[in-house]
K.L.:
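So that we are looking at the same thing, I have put the structure below in structure tokens.
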Amino acid sequence: MSATKDLFIYNTLSKKKEKFEPITEGFVGMYVCGPTVYSDVHLGNVRTFTSFDIMYRYLLHLGYKVRYVRNITDVGHLLDDGEDRISRGARLDQLEPMEVVQKYTNSFHQMMDIFNTKKPSIEPRATQHIIEQIEMVQQIIDNGYAYERNGSVYFDTQKFHQEKKCYGKLSGRVIDELLSETRGDLKNQGEKNCPSDFAIWMKAAPDHLMKWNSPWSVGFPGWHLECSVMSTKYLGETFDIHGGGNDLKFPHHENEVAQNVGACNCEPANYWLHTNMLLMNGKKMSKSDGNTITPDELFTGDSPHVSKGYSPMVVKFFMLQSHYSSTLDLTDEALQASEKGYKRLMEAIKTLSTLSAKSEGNALDKEINDAVDMLDKHMCDDFNTPRAIASLFDIVSKINSLKEGHLDIRQVSAETMERLQKSFPSFIHDVLGLEDDILSGGNNDKLDGVMDLVLQLRQDARANKNWDIADKIRDGLAKHQIVVKDGKEGTTWTLN
RNA sequence: GGUCGCGUGGCCGAGUGGCUAGGCAGAGGUCUGCAAAACCUUGUACACCAGUUCGAAUCUGGUCGCGACCUCCA
């Protein structure tokens, strides 16, 4: 694959689909806002990071050299009452703050592995960049866009907007409306010049657990600052792609842009991508209001929201059947549908590997090649995984028809077959990051041996028209989730 | 209240100014000892009301409903 294909992506900044043109030909810098590690990840995080993983994989597939930075937020994220999320986690679990961070970072990584996502190139932590954050606060002060009050430092949104005219550009906010809003119950509201101003350095209360020395106070950095700092450090003042969940658009990303422009006088990213929310029961899946199911509950089926467990790859496949920019409603029925479709897809990979074309014939070549071409065409259209998957199923039908003899394999040239056998599994495994995690027949030598024997005995019974024995074997195996299928070219079996 | 988005057939979910999305489920058929799987065919659709247009589910306006953000959230 080459980087010559035109990729179009929807840019939140322009609210349009734009042709992707990297700053440096052949290279992509991508920053994605990672999780705050104060508790276990939930499915919404998984959807977001899976979506960006697909983009990362596809950029690699196109031949780009990608530096993918995804941070870990381990400080500075305030709750309603002003308490740091990590500190609260530490207090509740009776752990050191860094123990909390390590614990949930580990479980986050584990879950990302379970969903078969690639690791980012760099995974910086906010607390490892306190010095840089202090430097950026100073830069913003020096440029006149921040002011110090009682040891805290606030970003001056009004002055910034008057001079730069860009506050609100990303999220579509109108600053005058923000100004009129009062949030009297917010901490330190009284210190700000203006309600829309936000803290970039916070003076810590004496009992605050995570705090550092700074020119202004012993305190901690504002939440939005870490991303501004770490993206700049690892990707430069302006880089290609910045991503995150829709719910971060405002205030997080808007403020991030303001900080970068305020410090460096240039916009941080050329393309802003936002993934949409995962819903359950038609509402945003959210830990804070209890409308949630954990990944583990989904895998085991131990939840009132599902009738059974679903494997991680089925869940991932379910997610990829919708576009990243659309909301997705998680329902048991939809998961069941995805599970069946997913099995069919995985079966087709196996079937394809058994096909061989030796002829020169070409009646089917164009159809097959066109279908394969569609995979890239759809991915280049703003990473349209649902359409790409639809094309995959077009190919599945072809594969099965060839196997069953409904399509004549002599009409497929060896060259086309080779391309199909290479690109079909490769797209599923390398681009979509799907692996076969439910059909395990074939990777256990002992079971394979036993099954060979059992099916041979059954075949003997069938040859003698001893249907009772044959059916007894089949029914007995079914009780152990082994499904026997009698095909034209012999009997196969799969684990359910 | 402000801003934005959405409303597609039984379910999930794409897309487009005129041509089948796809998956699952339903119906009929082929295959099979039967079954499963697979394949073929097939029905049900674009919230409502106007307007623009030769033509709109797709564009515009209004109505209703839903959601997100505005406050920690992917």
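Protein chains get the first letters and strands the later ones, always in sequence-line order, with residue 1 at the start of each. From a predicted model like this one, the values you see are computed outputs, not experimental measurements.
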K.L.:
Looking at A:Asp471 and B:G33, is any side-chain donor or acceptor paired with a base atom of the opposite kind under 3.5 Å?
P.N.:
yes

K.L.:
Tell me the interatomic distance from A:Ile473, atom CD1, to B:C34, atom P, rounded to whole angstroms.
P.N.:
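Distance, rounded to whole Å: 19 Å.
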
K.L.:
Give A:Ser397 one of three labels, base, sugar-phosphate or nothing, depending on what nucleic acid heavy atoms sit under 4.0 Å from its own.
P.N.:
sugar-phosphate

K.L.:
Per the salt bridge (Lys or Arg N to Asp or Glu O under 4.0 Å) rule, which among A:Asp373, A:Asp381, A:Asp376 passes with A:Lys5?
P.N.:
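Of the listed options, the one satisfying the test is A:Asp376.
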
K.L.:
Judged by each residue's nearest nucleotide on RNA chain B, which is more toward the 5′ side, A:Thr48 or A:Leu330?
P.N.:
A:Leu330

K.L.:
Distance between the P atoms of B:U16 and B:U58, in whole angstroms?
P.N.:
13 Å

K.L.:
If only side-chain N and O atoms of A:Asn400 are considered, is one of them under 4.0 Å from the OP1 or OP2 phosphate oxygen of B:C39?
P.N.:
yes

K.L.:
Rounded to the nearest 0.5 Å, how far apart are OG1 of A:Thr275 and CG of A:Leu328?
P.N.:
11.5 Å

K.L.:
Using the side-chain heavy atoms of A:Glu333, tell me which of these nucleotides is nearest: B:C69, B:C11, B:A21.
P.N.:
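Of the candidates, B:C11 comes closest.
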
K.L.:
Can the ring centroids of A:Phe160 and A:Phe155 be said to lie less than 6.0 angstrom from one another?
P.N.:
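Here the rings of A:Phe155 and A:Phe160 have centres that are less than 6.0 Å from each other.
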
K.L.:
Within the 4.0 Å heavy-atom criterion, would you say A:Ala337 contacts the bases, only the backbone, or no part of the nucleic acid?
P.N.:
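Answer is base: heavy atoms of A:Ala337 come under 4.0 Å of a base.
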
K.L.:
Which nucleotide in the list B:G33, B:A38, B:A74 gets nearest to the side chain of A:Arg458?
P.N.:
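Among B:G33, B:A38, B:A74, the one nearest the side chain of A:Arg458 is B:G33.
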
K.L.:
Say you pick atom P in B:A27 and the same atom in B:G43; how far apart are they, in whole Å?
P.N.:
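The same atom, P, in both gives a distance of 16 Å.
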
K.L.:
For the base of B:C72, is there a side-chain donor-acceptor partner from A:Arg85 under 3.5 Å away?
P.N.:
yes

K.L.:
Is a side-chain donor-acceptor pair under 3.5 Å present for A:Gln336 with A:Ser307?
P.N.:
yes

K.L.:
Verify whether the ring centers belonging to A:Phe220 and A:His208 lie closer than 6.0 Å.
P.N.:
yes

K.L.:
Whole angstrom is fine here: how far is it from NZ in A:Lys316 over to C1' in B:G13?
P.N.:
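Checked: the NZ to C1' distance equals 19 Å.
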
K.L.:
Could you tell me if A:Thr491 and A:Asp486 have a donor-acceptor pair between their side chains, going purely by distance under 3.5 Å?
P.N.:
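On atom types as modelled, these side chains qualify, holding a pair under 3.5 Å.
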
K.L.:
Taking only the P atom of each, what is the distance from B:U60 to B:C6 in whole angstrom?
P.N.:
10 Å

K.L.:
If the C1' atom of B:G18 is compared with that of B:A57, how far apart are they to the nearest Å?
P.N.:
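Between the two C1' atoms, the distance is 12 Å.
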
K.L.:
What is the separation between atom CG on A:Leu402 and atom C1' on B:A38, rounded to the nearest whole Å?
P.N.:
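Result: 12 Å.
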
K.L.:
Of the options B:G33, B:G13, B:A25, whose atoms approach the side-chain atoms of A:Lys340 most closely?
P.N.:
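That would be B:A25.
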
K.L.:
Is the shortest side-chain N/O distance from A:Arg387 to OP1 or OP2 of B:G22 below 4.0 Å?
P.N.:
no

K.L.:
Does the side-chain ring of A:Trp467 sit on the six-membered ring of the B:G33 base, less than 5.5 Å centre to centre and under 30° in tilt?
P.N.:
yes

K.L.:
Tell me the interatomic distance from A:Asn246, atom CG, to B:C72, atom P, rounded to whole angstroms.
P.N.:
16 Å

K.L.:
Over how many whole Å does the gap from A:Leu278 atom CG to B:C12 atom C1' extend?
P.N.:
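Rounded to whole Å, this separation is 13 Å.
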
K.L.:
Of the candidate nucleotides B:G23, B:C11, B:A35, which contains the atom at the shortest distance from the side chain of A:Asp486?
P.N.:
B:A35

K.L.:
Write down the distance separating the P atoms in B:A14 and B:G23, rounded off to the nearest Å.
P.N.:
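Comparing P positions in B:A14 and B:G23 gives a spacing of 15 Å.
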
K.L.:
Across all strands shown, which nucleotide pairs with B:A25 by Watson-Crick or G-U wobble geometry, both distances under 3.5 Å?
P.N.:
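Matched B:A25 with nothing under the 3.5 Å cut-off.
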
K.L.:
Is it the case that the ring center of A:His253 lies less than 6.0 angstrom away from the ring center of A:His224?
P.N.:
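No, they do not, as the ring centres are separated by 6.0 Å or more.
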
K.L.:
Please report the distance, rounded to the nearest Å, between CG in A:Leu455 and P in B:A35.
P.N.:
20 Å

K.L.:
Which part of the nucleic acid does A:Ser338 contact within heavy-atom distance under 4.0 Å: base, sugar-phosphate only, or nothing?
P.N.:
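Result for A:Ser338 = nothing.
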
K.L.:
Please report the distance separating the C1' of B:G17 from the corresponding atom of B:G51, rounded so that it comes out in whole Å.
P.N.:
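One C1' to the other, the span is 15 Å.
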
K.L.:
Give a yes/no answer on whether the side chain of A:Asn384 brings an N or O atom under 4.0 Å of OP1 or OP2 in B:G15.
P.N.:
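Checking B:G15 against A:Asn384, a side-chain N or O does come within under 4.0 Å of OP1 or OP2.
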
K.L.:
Does A:Ser326 place a side-chain N or O at less than 4.0 Å from the phosphate oxygens OP1/OP2 of B:A14?
P.N.:
yes

K.L.:
Which value, in whole Å, describes the distance between the P atoms of nucleotides B:G33 and B:A21?
P.N.:
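It works out to 37 Å between them.
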
K.L.:
Choosing from B:G13, B:A74, B:C34, which nucleotide comes nearest the side chain of A:Arg474?
P.N.:
B:C34

K.L.:
Base, sugar-phosphate, or nothing for A:Val484, non-hydrogen atoms under 4.0 angstrom?
P.N.:
base

K.L.:
Is A:Arg344 close enough to B:A37 that one of its side-chain N or O atoms is under 4.0 Å from OP1 or OP2 there?
P.N.:
no

K.L.:
Name the pairing partner of B:G65, where a pair is Watson-Crick or G-U wobble with both distances under 3.5 Å, or state none.
P.N.:
B:C6

K.L.:
Does a nitrogen or oxygen in the side chain of A:Lys283 sit under 4.0 Å from OP1 or OP2 of B:G67?
P.N.:
yes

K.L.:
Between B:C12, B:A14, B:C69, which nucleotide gets closest to the side-chain atoms of A:Asp247?
P.N.:
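Nearest to the side chain of A:Asp247 among the choices is B:C69.
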
K.L.:
B:G23 C1' sits how many Å from A:Asp394 CG, rounded?
P.N.:
12 Å

K.L.:
Contact class for A:Asp329 (heavy atom, under 4.0 Å): base, sugar-phosphate, or nothing?
P.N.:
sugar-phosphate

K.L.:
Need to verify one output field. Residue with the more 5' nearest nucleotide on RNA chain B, A:Ser325 or A:Arg462?
P.N.:
A:Ser325

K.L.:
With a non-hydrogen cut-off below 4.0 angstrom, is A:Leu328 in contact with a base, only sugar-phosphate, or nothing?
P.N.:
sugar-phosphate

K.L.:
Which part of the nucleic acid, if any, lies within reach of A:Gly44 when heavy atoms closer than 4.0 Å are counted: base, sugar-phosphate only, or nothing?
P.N.:
base

K.L.:
Does B:A38 have a Watson-Crick or wobble mate here (both distances under 3.5 Å), and if so which one?
P.N.:
B:U30

K.L.:
State which of B:C24, B:A74, B:G2 makes the closest approach to the side chain of A:Lys284.
P.N.:
B:A74

K.L.:
Paired with B:A50 by Watson-Crick or G-U wobble geometry, both distances under 3.5 Å: which nucleotide is it?
P.N.:
B:U60

K.L.:
Heavy atoms under 4.0 Å, any strand shown: does A:Arg47 hit a base, just sugar-phosphate, or nothing?
P.N.:
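Here A:Arg47 touches no strand at all.
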
K.L.:
Between B:A14, B:G22, B:C12, which one does the side chain of A:Thr331 approach most closely?
P.N.:
B:C12

K.L.:
Between A:Phe108 and A:Phe49, does the ring centroid distance fall short of 6.0 Å?
P.N.:
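When the ring centroids of A:Phe108 and A:Phe49 are compared, they turn out to be within the sub-6.0 Å range.
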
K.L.:
Side chain of A:Thr36, heavy atoms from C-beta onward: which of B:A74, B:A21, B:A38 has the nearest atom to it?
P.N.:
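Closest nucleotide among those given: B:A74.
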
K.L.:
Roughly how far apart, to the nearest Å, are B:C70 and B:C19 at atom P?
P.N.:
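Result for the P pair: 41 Å, nearest Å.
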
K.L.:
Do you know the tightest heavy-atom contact between A:Ala470 and A:Arg458?
P.N.:
O-NE, 2.9 Å

K.L.:
Would you kindly say whether A:Thr117 and A:Asp53 are connected by a side-chain donor-acceptor distance under 3.5 Å?
P.N.:
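On atom types as modelled, these side chains do not qualify, holding no pair under 3.5 Å.
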
K.L.:
Between B:C34, B:C70, B:A74, which nucleotide gets closest to the side-chain atoms of A:Met277?
P.N.:
B:A74

K.L.:
Nearest whole angstrom, please: distance from the P of B:C11 to the NE2 of A:His305.
P.N.:
20 Å

